[in-house]
Amino acid sequence: MRWPRITTVMLLTTVSMHTSLAQDKPAAKNVKAVRFGKLWDGKGKVLTNAIVMVEANKIRAITTDASAIPAGAETIDLSKYTGLPGLIDVHTHMTFYTDETPGVPLLKQMANPVPAVGVFLARKGAMRTLEAGVTTVRDLGADQYMDIAMRDLINRGEMIGPRMFVCGYGLYITATPFRKEGTLPAGGIADGVPEVLRAVRQQIAAGADVIKMYGSTGTDDDVSGFETYTFEEMKAAVDTAHQFGKKIAIHSYGPDGARDAVRAGADSIEHATDMDDATIREMAKRGTFYVPTIDHNRYYIDNGDKIGYAPGYKERLQAFIPRNLETARKAHKAGVKFAMGSDAIYTMFGENTRELGWFVKAGMTPEQALRTATTNAAELLGKEKELGAVAAGYLADLVAVEGDPLTDINVVLNHVKWVMKDGAVVVDRRGSPAR
Ligand SMILES: [Zn+2]
């Protein structure tokens with residue numbers, strides 16, 4: 001595989017496709033014509049024998065007319081496959097990547113990482129995320145601004161990975177250790193309204209795209225959901241984030257934190273098991289996104305020994321999952337908007353889209369599930385005019401899968417064959433067995 005690198009020169013020297021199509025089809029350098037057997041565009045349309053014209057990092061046009069392909073364009077034949085927009089995972093922790101060094105529990109590996117080493121190691125998880133068809137992530141919590149470094153390296157073409165929207169430190173109260181191991185700098189601790197204001201402003205000053213707040217206990221194998229912040233503290237965080245044009249995600253494992261987070265005006269609620277009917281109704285009314293992150297609990301059950309959880313974790317997580325799923329089912333029925341978030345961390349990268357299987361179990365059609373990782377997720381990012389759909393003017397993020405994801409969501413989970421991000425091919429597994 002070649003590592004593509006998008007240079008500024010490429011972006012600046014391109015000619016508008018519309019101009020070249022309107023005239024007598026001049027030789028088109030830097031234009032790719034990607035042919036799909038079927039294309040789901042993210043907005044509800046399915047095209048047969050679709051050709052997506054890509055110029056530099058953007059989609060210029062979609063057509064079924066092969067004669068519209070300009071001379072000199074590179075044709076990529078994916079007519080055996082179904083095309084989709086690049087997928088979006090709105091809840092990751094890319095810089096908490098771990099390998100499986102024998103005998104060293106993953107939690108131990110995370111103690112006091114040197115930031116440069118942490119970012120360097122995260123390349124593998126970033127690549128696995130792309131291989132799952134995920135070309136954009138919202139990363140919700142990192143230490144020492146590793147996420148900001150990683151985002152910028154990816155944007156500069158120095159690192160291959162999904163486009164990242166990052167939060168820096170998530171805000172948390174004293175006595176809620178985000179990591180149980182090690183003694184990391186306490187960048188996100190904030191108690192009381194003035195400290196909350198300072199911490200939010202600090203993340204924005206550091207370059208955060210989005211704000212994250214831990215509104216309850218609960219992380220890893222701890223599934224307790226005690227509300228940590230007061231309504232006033234949440235409201236202060238929300239208002240300050242919004243004042244600077246940033247969205248805010250509030251974590252709550254239980255219903256109390258979720259209730260106050262919704263009323264405070266959070267843009268998305270993460271995890272949130274056992275939400276009461278009034279809160280669910282309020283979310284539907286306000287358009288608050290729900291990111292249930294059901295599948296990460298499954299990942300913890302499958303990998304708890306390697307991670308280094310204390311005995312008893314399986315029982316706790318196994319009891320939590322059905323409540324998580326039931327809350328998702330109720331919220332979907334009530335018309336709440338969903339976005340797909342995996343909460344991928346440690347070795348979970350590459351399993352990002354398994355969450356979609358749970359969404360179908362919660363009552364969504366495969367298309368509704370796909371929307372949570374495309375148009376809905378793009379809306380939550382505030383990027384609905386650039387991401388989440390295959391449409392003219394959008395960033396050229398495309399995924400080819402083998403099979404029909406609109407009848408079987410597992411096609412997306414297991415049969416990603418090819419991925420383009422920003423107009424560059426980043427994954428090509430045609431000819432490889434199913435992942
Ligand atoms: Zn998380």
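Whatever order the structure lists ligands and atoms in, that order sets their numbers, starting from 1.
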N/O/S atom of [X] inside 2.8 Å of the Zn ion (ligand 1), strictly under:
X      : answer
His93  : yes
His91  : yes
Glu270 : no

Ignoring hydrogens and angles, state whether a donor on the side chain of Thr217 or Ser224 is under 3.5 Å from an acceptor on the partner side chain. yes
Return yes when atom CZ of Phe231 has more than 12 non-hydrogen atoms of other residues, nucleotides or ligands closer than 6.0 Å, and no otherwise. yes
The Zn ion (ligand 1) - closest N/O/S atom in Asp343: OD1
Could you tell me whether Arg316 sits above the aromatic face of Phe320, with NZ or CZ closer than 6.0 angstrom to the six-membered ring centre and within 45 degrees of the axis? no
May I ask you to test the Lys212-His251 pair for a side-chain heavy-atom distance under 4.5 Å? yes
